[in-house]
Colleague: 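Structure below; questions to follow.
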Amino acid sequence: MHHRVSQNCTELTPLCPVENTIYGYAPNLGLNAFFIAIFALCALAHFFLGTRYKTYFFAYVVTMGCIGEAIGYGGRIIMHSNPYSSLGFKIQISCLIFAPAFIAAGIYLTLKHIVLAFGQDRSKIPARYYTWIFISCDFISLMLQAVGGGFAGGAGNNVNLRNIGTNLMISGIVWQVATLIAFAGLVIDYIIRTRRAWNGVTPEAKSLLKQRKFRGFLAAVAVAFVTVFLRCVYRIAEMVGGWANPIMRDEIGFDVMEGIMIVIAVLALTFFHPGFCFPQLAGQQRAKAPPELESLDESDAALREENTQEESKPVQVSTIKE
């Protein structure tokens with residue numbers, strides 16, 4: 001059941017109550033301020049950690065996602081003061097609809113490096129293609145959602161333009177869900193193949209898996225994936241019902257499924273940052289010999305040095321007098 005939405009109201013008055021807005025409520029000030037603070041802090045953290053550990057692309061996409069989320073909730077604070085604010089509506093509908101696509105890009109990036117660490121011979125596709133394929137799909141999703149959000153936010157009283165924007169946003173989110181499902185399928189397939197051929201996994205990879213911080217990183221990526229996926233499914237249900245439908249007018253449902261889900265995803269990727277949990281992603285992992293071979297390496301080095309010194313000695317040629 002859709003609620004009647006006032007088309008000509010610009011602010012709250014006795015004739016323009018909050019119930020006649022699209023959302024039917026004035027967004028909670030304290031909760032939206034909390035979201036802004038969390039995402040702003042996480043953006044700063046990822047910028048610092050990305051610079052510190054040289055995980056530049058991962059830092060870029062997650063930071064951009066956090067900034068988009070913070071700006072979006074700023075729009076909802078504007079709507080707290082005036083639920084009829086056109087500016088607040090445009091900001092929150094545009095930013096919050098596409099910001100999670102950046103978080104998803106950070107998740108996609110991890111698979112390439114996990115495959116490289118554990119062996120790409122068991123992967124369906126070469127590791128280097130994972131980033132290109134999924135980031136390209138994520139970009140398509142991002143563009144559909146951004147353009148759709150722009151149309152919907154700037155439609156005003158133009159119902160047809162708003163519907164076009166809505167359909168574009170739905171298409172972008174559905175595309176994102178399909179991409180996430182394909183990603184999950186490849187991850188599960190790789191896990192199964194790797195477990196079946198565990199004897200072929202290198203000792204370095206087995207040692208990596210035993211590290212608590214790396215297992216924490218894998219759990220964090222899984223948590224981030226699930227929360228982003230649930231948020232996308234919620235958004236589809238919210239949008240397909242049309243504007244001012246009961247799901248869209250449920251503030252608690254929005255705060256939990258849109259806000260809390262992405263907060264959990266971002267916090268998981270922050271506390272278990274790949275810079276210190278998965279150095280391979282940062283390209284910082286150096287080949288190191290096992291402890292039992294270190295003495296052999298030292299002996300080899302000494303022998304090579306001795307041979308070098310022998311070769312560097314001048315060769316004396318004796319002459320025979322006739």
Side-chain angles (χ1 to χ4, degrees), residues 22-46 49 61-80 83 88-89 91-108 110 138 141-142 145 149 169-170 172-174 176-177 179-181 183-184 216-241 245-273:
I22 289 178
Y23 293 118
Y25 60 84
N28 183 278
L29 177 62
L31 187 58
N32 286 284
F34 166 77
F35 286 144
I36 291 176
I38 287 292
F39 287 118
L41 288 173
C42 287
L44 291 174
H46 276 277
L49 292 172
V61 293
V62 179
T63 300
M64 289 299 295
C66 291
I67 292 174
E69 292 285 340
I71 294 174
Y73 285 104
R76 286 180 70 82
I77 285 183
I78 294 175
M79 292 183 68
H80 167 80
F89 178 78
I91 292 174
Q92 66 93 30
I93 194 66
S94 299
C95 293
L96 295 183
I97 201 71
F98 71 76
F102 286 99
I103 309 300
I107 296 172
Y108 298 146
T110 62
D138 204 50
S141 170
L142 179 65
Q145 293 178 67
M169 286 191 291
I170 293 173
I173 298 172
V174 169
Q176 187 175 5
V177 168
T179 303
L180 287 167
I181 292 174
F183 176 81
F217 169 74
L218 294 179
V221 172
V223 167
F225 173 87
V226 171
T227 52
V228 171
F229 183 83
L230 290 176
R231 173 265 176 191
C232 291
V233 173
Y234 162 78
R235 276 297 201 172
I236 293 174
E238 180 200 36
M239 299 300 297
V240 296
N245 71 76
I247 297 178
M248 187 174 289
R249 295 169 70 86
D250 179 8
E251 184 180 15
I252 295 177
F254 178 90
D255 290 334
V256 172
M257 297 305 298
E258 172 67 40
I260 298 299
M261 290 296 105
I262 303 303
V263 164
I264 292 173
V266 170
L267 288 178
L269 296 176
T270 303
F271 285 118
F272 294 93
H273 191 274

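Note that the structure is predicted; figures quoted are calculated from it, not measured. One is the number of the first residue; the rest follow in order along the sequence.
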Colleague: Rounded at 0.5 Å granularity, tell me how far CG in D255 sits from CG in N28.
Modeller: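 One gets 7.0 Å once the value is rounded to the nearest 0.5 Å.
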Colleague: Do you know which two heavy atoms are closest between A184 and F225, and how far apart they sit?
Modeller: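 Of all heavy-atom pairs spanning A184 and F225, the closest is CB-CZ, 3.5 Å.
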Colleague: Just list the side-chain donor-acceptor pairs under 3.5 Å for residues 93-106, sequence neighbours left out, or say none.
Modeller:
from : atom 1 : to  : atom 2 : distance (Å)
S94  : OG     : K90 : O      : 2.8

Colleague: How many angstroms lie between CD1 in I252 and CE in M257, if you round to the nearest 0.5 Å?
Modeller: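 With rounding to 0.5 Å, CD1 (I252) is 14.0 Å from CE (M257).
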Colleague: Got a list of side-chain donor-acceptor pairs under 3.5 Å for residues 260-271, not counting sequence neighbours?
Modeller:
from : atom 1 : to   : atom 2 : distance (Å)
T270 : OG1    : H46  : NE2    : 2.8
T270 : OG1    : V266 : O      : 2.7

Colleague: For the CD1 atom of I236 and the CZ atom of R231, what is their distance to the nearest 0.5 Å?
Modeller: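 Interatomic distance, I236 CD1 to R231 CZ, rounded to 0.5 Å: 9.5 Å.
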Colleague: The criterion is ring-ring contact (aromatic ring centres under 6.0 Å, His included); which residues satisfy it with F254, sequence neighbours excluded?
Modeller: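 ring-ring contact (aromatic ring centres under 6.0 Å, His included) list for F254, sorted by chain: empty.
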Colleague: Whether the side chain of H80 engages the backbone of A26 through a donor-acceptor N/O pair (distance < 3.5 Å, no angle test) should be reported.
Modeller: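 No: the side chain of H80 does not pair with the backbone of A26.
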Colleague: Is any side-chain heavy atom of F229 closer than 4.5 Å to one of V226?
Modeller: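 Side chain of V226 against side chain of F229, heavy atoms only: no contact under 4.5 Å found.
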Colleague: Who are the salt bridge (Lys or Arg N to Asp or Glu O under 4.0 Å) partners of R235, not counting sequence neighbours?
Modeller: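 Listed in chain order: E238, E258.
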Colleague: Run the side chain to side chain donor-acceptor pair (under 3.5 Å) test against Y23 and tell me which residues pass, sequence neighbours left out.
Modeller: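 Counting only residues at least two positions away or on another chain, Y23 forms a side chain to side chain donor-acceptor pair (under 3.5 Å) with Q92.
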Colleague: Measuring only between side-chain heavy atoms, which start at C-beta, is I247 closer than 4.5 Å to Y234?
Modeller: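 SC-SC contact between I247 and Y234 confirmed.
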Colleague: Give, for atom CG of L41 and atom CD1 of I36, the distance between the pair rounded to the nearest 0.5 Å.
Modeller: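 Going from the CG atom of L41 to the CD1 atom of I36 covers 11.5 Å.
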Colleague: Would a distance-only check, ignoring hydrogens and angles, find a side-chain to backbone donor-acceptor pair under 3.5 Å from S141 to I173?
Modeller: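 Not confirmed, S141 side chain does not pair with I173 backbone.
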Colleague: Write out all pairs satisfying salt bridge (charged side-chain N to carboxylate O under 4.0 Å, His left out) with one or both partners inside residues 63-73, taking only residues at least two apart or from two chains.
Modeller: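 Counting only pairs at least two positions apart or across chains, no salt bridge (charged side-chain N to carboxylate O under 4.0 Å, His left out) contact touches residues 63-73.
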Colleague: Could you go step by step and tell me if F34 and L31 meet the side chain to side chain contact (heavy atoms under 4.5 Å, CB included) rule?
Modeller: CA-CA 5 Å; F34 166 77; L31 187 58; 4.3 Å; yes
Colleague: Tell me the closest heavy-atom pair linking Y73 and N32, and the distance in Å.
Modeller: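 Reported closest heavy-atom pair: CD2-OD1, 3.1 Å.
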